[in-house]
Amino acid sequence: MGKTRDWGQIYAIYGIEQKHTLFFLLLNAIAFSLLSTAFFFYFHPICLFLESFLSSPAAAARFSAGFFGAVTALSAVCLFFAAANFFYSAVPLRYEMAQRMVGSVGDWSSVKTALDLGCGRGVLLNAVATQLKKTGSSGRVVGLDRSMSTTLSTLRTAHMEGVQEYVTCREGDVRRLPFGDNYFDVVVSAVFLHTVGKEYGQKTVEAAAERTRVLGEAVRVLKPGGVGVLWDLVHVPEYVRRLQELRMEEIRVSKRVTAFMVKSHMVSFKKPSQHFLGPGEVRLDWRC
């Protein structure tokens, strides 16, 4: 799995998650394109129709037809752009960011266990497994997802990438990780955390609490001195504040990357090797 891979190869292995969104954008873009084309080629008949139907002056009818034609054409352009950005974000960008996330972990030779939260079809999971393979490590990476069908498809992509011996997939709830404290050397997650709690609405207090819980769980299962790397949309400042509250070290935020038509950032951090209690302090509970 090289760093310079054609998007067609990536698509052939991983496909696209949430295809229905891409189809929705494309179908609407085509519909608006046809509508704007109709306004262009049948402008005069449309003006006559509006003039008679609305009993409006010829100038007003021409303005209305021109305005609606321009709006439909602009809508088509915007929808095509959104579809292109969605495809780029779901295939080439996701692969590129997976490589960047793997590269942000300094030393893989000592990594024995890694966890990918919300592994999906395995782009990031297999990137981690490939890095373990390159370093000659005997470690393994665990992919956790909500759906058993997704984990099965992820195992197929791992086999296609030739890293199946380094990959384990599990179905589980990221809000209550089925692992003990201080279990993993590395915890990663790509474009997933923002989906947690979406049943409450993205901007609600309840959704924020659910995302915070997942972040706390990720810190809990991370070994002291372990590294966490997250790439997500919109809510990154919220994650940084929570990591600071949990006294994580070496918190770094990448430059903005536009993904799925919104801003995204990569956040990396290190769990303290030990926590010294000062006057009036209490021991941190990662489960909070």
### Option passing side-chain contact (heavy atoms from CB on, under 4.5 Å) with Leu222 (candidates Lys271, Met248, Glu217)
Lys271
### Asp107 vs Ser109, side-chain hydrogen bond (donor to acceptor under 3.5 Å, both in side chains): CA-CA, chis, key distance, verdict
CA-CA 6 Å; Asp107 182 18; Ser109 60; 2.5 Å; yes
### Query
Rounded to the nearest 0.5 Å, what separation is found between the NE2 atom of His20 and the CG atom of Leu25?
10.0 Å
### Task
Check whether Leu48 and Phe40 end up in the same hydrophobic cluster, where Ile, Leu, Val, Met, Phe, Trp and Tyr are linked by side-chain heavy atoms less than 4.5 Å apart.
no
### Task
Could you check if a side-chain atom of Leu215 sits within less than 4.5 angstrom of a side-chain atom of Leu243, using non-hydrogen atoms only?
yes
### Task
Please report the closest heavy-atom contact between Val229 and Met101, naming both atoms and the distance.
O-CE, 3.4 Å
### Close side-chain approach of Leu132 to Trp108, heavy-atom, < 4.5 Å
yes
### Query
Is Arg175 salt-bridged to Glu210, going by a charged N under 4.0 Å from an acidic O?
yes
### Task
Quick one: closest heavy-atom pair of Ala76 and Ala29, and the distance?
CB-O, 3.8 Å
#### Entry: Min side-chain heavy-atom separation Arg62-Phe43 under 4.5 Å
yes
### Nearest-0.5 Å distance that lies between atom OG in Ser268 and atom NZ in Lys270
11.5 Å
### Query
Are any of the side-chain heavy atoms of Val191 and Phe260 separated by less than 4.5 Å?
yes
### Query
Please walk me through it: do Arg176 and Arg213 pass side chain to side chain contact (heavy atoms under 4.5 Å, CB included)?
CA-CA 9 Å; Arg176 298 173 184 83; Arg213 179 184 298 179; 3.5 Å; yes
### Message
Taking Leu22 as the starting point, is it possible to reach Met261 by hopping between hydrophobic residues whose side chains are less than 4.5 Å apart?
### Response
no
### Query
Rounded to the nearest 0.5 Å, how far apart are OG of Ser264 and NE2 of His194?
10.0 Å
### Query
Which pair of non-hydrogen atoms, one from Val91 and one from Tyr11, has the smallest distance, and what is that distance?
CG1-N, 3.9 Å
### Query
Got a salt bridge between Lys112 and Asp185, using NZ or NE/NH1/NH2 to carboxylate O under 4.0 Å?
no
### Task
Measure the OG-CG distance between Ser75 and Leu35 for me, rounded to the nearest 0.5 Å.
9.0 Å
#### Entry: Nearest heavy atoms of Ser189 and Asp116, plus distance in Å
CA-OD1, 3.9 Å
### Message
Using the side-chain contact (heavy atoms from CB on, under 4.5 Å) definition, which of the options Val111, Leu177, Thr113 pairs with Phe184?
### Response
Thr113
### Task
Hey, can you tell me if Phe63 and Phe67 have their rings parallel, tilted or perpendicular (30° and 60° cut-offs)?
parallel
### Rounded distance [0.5 Å steps], CZ in Phe81 versus OH in Tyr88
11.0 Å
### Query
Looking only at side chains, do Thr157 and Asn126 share a donor and an acceptor under 3.5 Å apart?
yes
### Task
Could you walk me through whether Arg100 and Val257 pass side chain to side chain contact (heavy atoms under 4.5 Å, CB included), step by step?
CA-CA 12 Å; Arg100 287 179 58 182; Val257 177; 3.9 Å; yes
### Query
Are any of the side-chain heavy atoms of Met160 and Tyr14 separated by less than 4.5 Å?
no
### Task
Tell me, with the steps shown, if Glu245 and Arg242 meet salt bridge (Lys or Arg N to Asp or Glu O under 4.0 Å).
CA-CA 5 Å; Glu245 290 172 358; Arg242 182 55 179 159; 3.0 Å; yes
### Query
Side-chain heavy atoms under 4.5 angstrom apart, residues restricted to Ile, Leu, Val, Met, Phe, Trp, Tyr: same cluster for Phe49 and Phe41?
yes
### Message
Please evaluate residues Arg241 and Glu238 with respect to the criterion side chain to side chain contact (heavy atoms under 4.5 Å, CB included), reporting the C-alpha separation (whole Å), side-chain torsions for both, the decisive distance (0.1 Å), and the verdict.
### Response
CA-CA 5 Å; Arg241 286 193 298 271; Glu238 170 189 307; 3.9 Å; yes
### Task
Measure the spacing between CZ of Arg211 and OH of Tyr200 and express it to the nearest 0.5 Å.
12.0 Å
### Task
Begin from the C-alpha positions of Val187 and Arg220 and carry the test side chain to side chain contact (heavy atoms under 4.5 Å, CB included) through to its verdict.
CA-CA 10 Å; Val187 175; Arg220 177 183 68 79; over 6 Å; no
### Query
Is Asn28 reaching over with its side chain to a backbone N or O of Phe24, donor-acceptor style, under 3.5 angstrom?
yes
### Message
How about NE2 on His44, more than 12 heavy atoms from neighbouring residues, nucleotides or ligands closer than 6.0 Å, or not?
### Response
no
### Task
Report yes if some heavy atom in the side chain of Ser104 is under 4.5 Å from a heavy atom in the side chain of Arg252; otherwise report no.
no
### Message
When you group the ILVMFWY residues by side-chain heavy-atom contacts below 4.5 Å and let the links chain together, are Phe87 and Phe23 in the same group?
### Response
no
## Note on the structure
Closest non-hydrogen atoms of Ala259 and Asn85, given as atom of the first, atom of the second and distance, are C-OD1, 4.1 Å
### Message
Applying a strict under-4.5 Å side-chain criterion to I, L, V, M, F, W and Y, I'd like to know whether Val71 and Val77 cluster together.
### Response
no
### Query
What pair of heavy atoms forms the shortest contact from Trp231 to His265, and how long is it?
CD1-O, 3.3 Å
#### Entry: More than 12 heavy atoms of other groups within 6.0 Å of Phe80 CZ
yes
### Task
Go through the steps for Glu161 and Tyr166 under the test side-chain hydrogen bond (donor to acceptor under 3.5 Å, both in side chains), then give the verdict.
CA-CA 11 Å; Glu161 294 282 22; Tyr166 294 89; over 6 Å; no
### Query
With a 4.5 Å heavy-atom cut-off, do His235 and Leu193 have their side chains touching?
no
### Message
Counting neighbours of CZ on Phe179 that are heavy atoms of other residues, nucleotides or ligands and sit closer than 6.0 Å, is the number greater than 12?
### Response
yes
### Task
Check whether any side-chain heavy atom of Thr154 sits under 4.5 Å from a side-chain heavy atom of Asp145, and report yes or no.
no
